[in-house]
Amino acid sequence: MKKVICTAFLGFLLCVPSMSAQENKKLGNETDKQKQERLAWWTNDRFGMFIHWGLYALPARHEWVKNYEKMTDEQYQKYFELFNPDLYNPKEWAKKAKAAGMKYAVITTKHHEGFCLFDSKYTDYKSTNTPIKRDLIKEFVEAFRAEGLKVGFYYSLIDWHHPDFTIDRVHPQRTGSKAEYDKLNQGKDIAKYREYLHNQVRELLTKYGKIDIIWPDFSYPGEFGKGHEDWGSKELLAMIRKLQPGIIIDDRLDLREYEDGQDFITPEQYKVDAWPERYGKKFPWETCQTFSGSWGYHRDETSWKNTKQLLVLLIETVSKGGNLLLNVGPTARGDFDYRADNALESMGKWMKNNSPSIYGCTEAPAEFKAPQSSLLTYNENTKRLYIHLLDYPMGTLKLPGYKGKVKYAQFLHDNSEIRFRENGDDISLSLPVLKPNYEIPVVEIILK
């Protein structure tokens with residue numbers, strides 16, 4: 001009997017059988033080395049922007065507002081009729097992402113509400129039929145590519161607007177019993193929706209040139225749920241790989257039993273204790289996080305993270321071998337909330353001088369222990385170790401067990417020398433009493 005692992009995801013309990021390395025199954029024949037080469041740019045860049053944008057920016061009460069308030073299509077229609085983001089300028093978005101130190105961006109082409117930001121021939125529920133009358137995804141792709149950023153598409157597997165998407169436990173019109181679900185779903189045909197889903201993904205991967213990442217989202221198998229059979233996930237994945245051979249894909253198609261059913265795993269809104277393992281080995285991963293408690297624009301949200309929290313989130317993620325995808329929810333007029341701008345600017349100030357401790361970095365070798373109140377990252381190519389001082393120590397920093405391993409030490413932000421002395425098996429760095437003018441100073445260690 002296989003061990004079963006249950007994971008909390010978006011408030012739902014997902015249970016899947018665990019698999020030993022001997023049981024690993026694959027859908028294709030890509031080797032580990034080939035996958036590593038395909039993901040090389042992504043594991044180097046480490047930091048990206050998530051963008052959740054849609055009709056839900058108008059009510060500004062969370063991107064799941066249609067679900068939470070159990071709105072009907074008729075009640076939600078006013079947002080479609082009024083959607084007119086007159087300040088939308090993706091060139092500005094791209095410049096802000098780049099200035100913050102982000103190297104790629106993933107945007108919601110369609111979220112759970114079913115509204116498309118692109119000009120799809122398979123629906124009228126799209127931005128070109130709203131007052132803005134523009135293919136917003138086309139403009140986004142062009143603007144972000146122009147800034148040298150990689151481009152990714154989020155596409156919701158869920159669709160609360162499509163007439164053939166069967167009502168289930170996450171639908172706004174969800175109910176309680178099988179009999180009630182059966183009654184509500186009379187006349188609906190999930191096969192027709194599945195065809196629609198595949199057609200739209202094909203559009204996205206053929207109309208806009210090279211796409212670097214795709215984020216299908218999300219599966220919730222079980223009673224009154226949907227999983228890989230509903231989406232036709234195997235066929236969808238095969239099509240994606242064929243149309244965009246170099247693309248990177250997330251883990252939300254409910255194909256976990258196959259090692260290559262995803263390229264990376266996606267812990268959402270929480271920190272991992274250690275580099276996640278799957279299929280008997282450390283697996284590529286990316287945590288998706290928000291500045292506040294909502295993905296879409298939420299006017300009255302107050303739980304915004306401060307600069308130090310955001311930087312720790314980024315550094316700690318890289319220290320465990322992962323990427324950070326940090327979300328912005330643009331307003332209904334198409335610009336960024338001032339709190340998001342402030343957060344991006346503060347991260348950009350730090351990244352301008354300290355990004356070598358992020359780009360190309362990963363978990364430090366086990367022989368190096370992090371000093372108290374610090375986090376380590378490591379560049380395998382340059383053999384440099386980075387000590388991020390979360391709480392600045394005035395005067396001396398002790399590096400336990402580092403004797404004989406350090407060639408030179410300096411602050412990363414200005415390459416100013418930090419003198420050190422050996423003390424037994426340890427090394428002591430002599431730091432200035434005055435903390436450098438950075439939220440989290442970084443010491444760069446050049447190893448012998």
K.L.:
Hey, are the side chains of F118 and Q200 touching, using non-hydrogen atoms and a 4.5 Å cut-off?
P.N.:
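F118 reaches Q200 side chain to side chain.
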
K.L.:
Could you check if a side-chain atom of F368 sits within less than 4.5 angstrom of a side-chain atom of I445, using non-hydrogen atoms only?
P.N.:
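F368 vs I445: side chains apart.
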
K.L.:
Take the angle between the ring planes of W215 and Y154 and call it parallel below 30°, perpendicular above 60°, tilted in between.
P.N.:
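Parallel.
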
K.L.:
Quick one: does K234's side chain get under 4.5 Å of L27's, heavy atoms only?
P.N.:
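The answer is yes, as the side chains (C-beta and beyond) meet within the 4.5 Å cut-off.
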
K.L.:
Please lay out, stage by stage, how D119 and K126 fare under the test salt bridge (Lys or Arg N to Asp or Glu O under 4.0 Å).
P.N.:
CA-CA 6 Å; D119 187 15; K126 56 187 178 180; 2.9 Å; yes

K.L.:
Residues in ring pair (Phe, Tyr, Trp, His ring centres under 6.0 Å) with W53, at least two apart?
P.N.:
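W53 satisfies ring pair (Phe, Tyr, Trp, His ring centres under 6.0 Å) with F83, Y88, W93 only.
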
K.L.:
Does a side chain donor of either N327 or T290 reach within less than 3.5 Å of an acceptor in the other side chain?
P.N.:
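Judged by distance alone, the side chains do not pair up.
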
K.L.:
Look at the aromatic rings of Y104 and W41 and report parallel, tilted or perpendicular, splitting at 30° and 60°.
P.N.:
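The rings of Y104 and W41 stand perpendicular, inter-plane angle above 60°.
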
K.L.:
Any donor-acceptor pair under 3.5 Å linking the side chain of K369 with the backbone of G401?
P.N.:
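Pair absent, no side-chain N/O of K369 close to backbone of G401.
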
K.L.:
May I ask you to check whether H298 and Y56 place their ring centers less than 6.0 Å from one another?
P.N.:
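That pair fails the under 6.0 Å test.
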
K.L.:
Quick one: does NZ or CZ of K103 land under 6.0 Å from the six-membered ring centre of Y359, within 45 degrees of the ring axis?
P.N.:
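The answer is yes; both the distance and angle limits are met.
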
K.L.:
If a pair satisfies salt bridge (Lys or Arg N to Asp or Glu O under 4.0 Å) and one of its residues is in residues 41-69, list it, with sequence neighbours excluded.
P.N.:
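Listed by first then second residue: R61-E69, K66-D73.
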
K.L.:
Between E142 and K138, is there a side-chain N and carboxylate O pair less than 4.0 Å apart?
P.N.:
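Yes, charged N to carboxylate O under 4.0 Å.
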
K.L.:
Would you mind checking if E30 and K35 are paired as a salt bridge, meaning a charged N to carboxylate O distance below 4.0 Å?
P.N.:
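Salt bridge flag = no for E30 with K35.
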
K.L.:
Tell me whether the count of non-hydrogen atoms from other residues, nucleotides or ligands lying under 6.0 Å of CG in D425 goes above 12.
P.N.:
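Result for CG/D425: open.
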
K.L.:
Applying salt bridge (Lys or Arg N to Asp or Glu O under 4.0 Å) as the test, list every pair that has at least one member in residues 293-310; sequence neighbours left out.
P.N.:
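Those involving residues 293-310 are K308-D391.
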
K.L.:
Using 4.0 Å as the upper bound for N to carboxylate O, is an ion pair formed by R252 and D217?
P.N.:
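Yes, D217 and R252 are salt-bridged.
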
K.L.:
When you look at H388 and Y438, which way does the ring-ring contact (aromatic ring centres under 6.0 Å, His included) test go after all the steps?
P.N.:
CA-CA 11 Å; H388 301 80; Y438 289 87; over 10 Å; no

K.L.:
Measure the acute angle between the ring planes of Y76 and Y79, then classify it against the limits of 30° and 60° as parallel, tilted or perpendicular.
P.N.:
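Aromatic pair Y76/Y79 classed perpendicular.
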
K.L.:
Which of parallel (below 30°), tilted (30 to 60°) and perpendicular (above 60°) describes Y68 and W64?
P.N.:
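Rings of Y68 and W64: tilted, 30 to 60°.
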
